[in-house]
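Quick note on labels: first sequence line is chain A, next is B, and so on, each numbered from 1.
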Protein chains: 2
Amino acid sequence: MYQIGELAKKLSVTTDTLRYYEKHGLLKPSARSATGYRLYNDSNLRSLQFIISAKKCGFTLKDIQELLSIQVDKGSHSCHDVKSFTEHKLQQVDEKISELIAIQSSLKKLIQACDGGDKSAANCSILTTLEDDDGITH
Amino acid sequence: MYQIGELAKKLSVTTDTLRYYEKHGLLKPSARSATGYRLYNDSNLRSLQFIISAKKCGFTLKDIQELLSIQVDKGSHSCHDVKSFTEHKLQQVDEKISELIAIQSSLKKLIQACDGGDKSAANCSILTTLEDDDGITH
DNA sequence: TTACACCTTAGAGTTAGGTCCAAGGTCAAT
DNA sequence: ATTGACCTTGGACCTAACTCTAAGGTGTAA
Ligand SMILES: [Zn+2]
Ligand SMILES: [Zn+2]
Ligand SMILES: [Zn+2]
Ligand SMILES: [Zn+2]
């Protein structure tokens with residue numbers, strides 16, 4: 001059994017984060033001491049690893065809640081469910097990447113058009129393009 | 001001169017947004033009517049176009065404030081300043097894209113490893129990989 | 001027993017960029 | 001004179017995921 005600070009240190013999160021996860025239904029300590037201290041067991045530890053791992057994979061805490069509920073009741077869910085969920089997430093990530101690539105391309109165009117000299121910015125093509133609005137397509 | 005609603009409609013933003021921009025030092029109407037209505041001129045209109053345009057290019061409102069202050073005092077800034085600023089922004093966007101691509105790759109690996117069948121999720125490789133933590137490198 | 005590190009709670013604050021609301025004033029048309 | 005569309009303000013609320021504070025209880029070692 002771990003106290004909150006032990007578990008936090010073990011997996012490099014803060015105690016605040018653990019209390020936050022509990023409050024939001026992601027990780028409930030398996031017990032409390034007589035004096036009210038949170039006590040976590042190894043199953044809790046693995047759940048926290050799951051949460052951290054899933055976060056790194058781009059899942060939000062809300063997503064993770066859903067994944068955990070599937071995990072808890074594995075019997076009534078299929079591989080198909082989990083895969084669909086993950087594919088949907090991938091699609092969201094794909095969309096974000098597309099948006100950022102469009103922005104990247106706009107910025108590159110701005111940078112290419114500007115000579116970057118030490119002369120006054122009065123005629124800087126970056127500023128004038130932004131002023132003129134449709135200088136860049138989006 | 002435009003009232004707030006006119007300008008908002010013209011550039012497809014809300015009046016709330018215009019008041020928000022004013023409050024945050026981005027766009028101050030050139031005048032007020034005798035009864036306190038905000039009045040915007042064509043220079044204000046162009047500034048708003050600038051803001052919208054820069055936002056589309058991935059600049060935050062804080063960035064845009066800085067760009068506007070350069071724009072207002074073009075004389076004491078060089079092309080070089082503006083270009084550096086934009087390059088720095090591009091670098092931030094590049095970093096975000098890299099992070100997302102790492103996430104994308106993790107998700108793809110998860111999806112590939114899961115057969116997606118209608119059988120129970122008890123042995124779903126997505127769930128077990130997330131449980132095992134280091135199943136995916138980050 | 002006193003110091004000190006640990007733990008508890010409720011609740012406020014953070015960031016970014018708005019969005020919404022209430023209570024009320026203004027303007028044009030009927 | 002009364003609609004109804006417009007405008008004003010201050011301030012609360014929203015998302016996401018924490019982060020911090022205050023005020024206090026607990027555990028252990030010197
Ligand atoms: Zn992962
Ligand atoms: Zn330039
Ligand atoms: Zn642009
Ligand atoms: Zn599976």
(request) Using the heavy-atom set of chain B and a strict 4.0 Å cut-off, write down the first and last nucleotide of DNA chain D that makes it in, 5' to 3'. (result) D:dC6 to D:dT9
(request) If a pair satisfies ring-ring contact (aromatic ring centres under 6.0 Å, His included) and one of its residues is in residues 48-101 of chain B, list it, with sequence neighbours excluded. (result) none
(request) Summarise protein proximity over nucleotides 12-18 of chain C in one line of letters, 5' to 3': B for base, S for sugar-phosphate only, - for none, counting protein heavy atoms closer than 4.0 Å. (result) -----BB
(message) Checking side-chain polar atoms at under 3.5 Å, does A:Lys89 have a donor or acceptor matched by the opposite partner on A:Gln92?
(response) yes
(message) Test of understanding: with side-chain hydrogen bond (donor to acceptor under 3.5 Å, both in side chains), list the residues that count as partners of A:Asp115, not counting sequence neighbours.
(response) none
(message) Just verifying a value: how many Å separate B:Leu90 CG and A:Leu110 CG, rounded to the nearest 0.5 Å?
(response) 10.0 Å
(request) For B:Thr14, check side chain to side chain contact (heavy atoms under 4.5 Å, CB included) against everything at least two apart and list the hits. (result) B:Asp16, B:Thr17
(request) Please round to the nearest 0.5 Å and tell me the distance separating atom CG of A:Leu26 and atom CG of A:Leu48. (result) 10.0 Å
(request) Return the angle between end axes of the helix from C:dT1-D:dA30 to C:dT30-D:dA1, with five pairs used per end and rounding to 10°. (result) 40°
(request) Rounded to the nearest angstrom, tell me the gap between atom CZ in A:Arg19 and atom P in C:dG11. (result) 16 Å
(request) If you link ILVMFWY side chains whenever their heavy atoms are less than 4.5 Å apart, which other residues fall into the same cluster as A:Met1? By chain and number, please. (result) A:Leu39
(message) Just verifying a value: how many Å separate B:Gln49 CD and B:Ser47 OG, rounded to the nearest 0.5 Å?
(response) 9.0 Å
(request) Output the residues of residues 84-99 of chain B in contact with DNA chain C, where contact means a heavy atom of the residue under 4.0 Å from an atom of the strand; sort by number or write none. (result) none
For residues 31-38 of chain B, tabulate all N or O donor-acceptor pairs below 3.5 Å that involve a side-chain atom, not counting sequence neighbours.
unit_1: B:Arg32; atom_1: NH1; unit_2: B:Gly36; atom_2: O; d: 2.9
unit_1: B:Arg32; atom_1: NH2; unit_2: B:Glu22; atom_2: OE2; d: 3.4
unit_1: B:Ser33; atom_1: OG; unit_2: B:Thr35; atom_2: N; d: 3.2
unit_1: B:Ser33; atom_1: OG; unit_2: B:Thr35; atom_2: OG1; d: 3.0
unit_1: B:Ser33; atom_1: OG; unit_2: B:Gly36; atom_2: N; d: 3.3
unit_1: B:Ser33; atom_1: OG; unit_2: B:Tyr37; atom_2: N; d: 3.0
unit_1: B:Arg38; atom_1: NE; unit_2: B:Glu22; atom_2: OE1; d: 2.5

(message) I need the B:Ile126 CD1 to B:Cys114 SG distance, nearest 0.5 Å.
(response) 4.0 Å
(request) Starting from C1' on C:dT9, measure out to CD1 on A:Ile4 and report it in whole angstrom. (result) 12 Å
(request) Rounded off to whole Å, could you give me the CD-to-C1' distance for the A:Glu6 and C:dC6 pair? (result) 11 Å
Show me the donor-acceptor pairs within less than 3.5 Å that the side chains of residues 2-11 of chain B make with the rest of the protein, sequence neighbours left out.
unit_1: B:Tyr2; atom_1: OH; unit_2: B:Asp42; atom_2: OD1; d: 2.5
unit_1: B:Glu6; atom_1: OE1; unit_2: B:Gln3; atom_2: N; d: 2.8

(message) For DNA chain D, which residues of residues 31-40 of chain B approach it to below 4.0 angstrom with any heavy atom?
(response) B:Arg32, B:Gly36, B:Tyr37, B:Arg38
(message) Regarding B:Ser76 and B:Asp73, do their side chains bring together a donor and an acceptor under 3.5 Å, going by distance alone?
(response) yes
(message) Can you list everything that forms a side-chain hydrogen bond (donor to acceptor under 3.5 Å, both in side chains) with A:Thr60? Sequence neighbours excluded, please.
(response) A:Asp63
(message) Tell me if a side-chain donor or acceptor on B:Ser98 pairs with a main-chain N or O of B:Asp94 at a distance below 3.5 Å.
(response) yes
(message) Could you check whether atom NZ of A:Lys74 has more than 12 heavy atoms from other residues, nucleotides or ligands sitting under 6.0 Å from it?
(response) yes
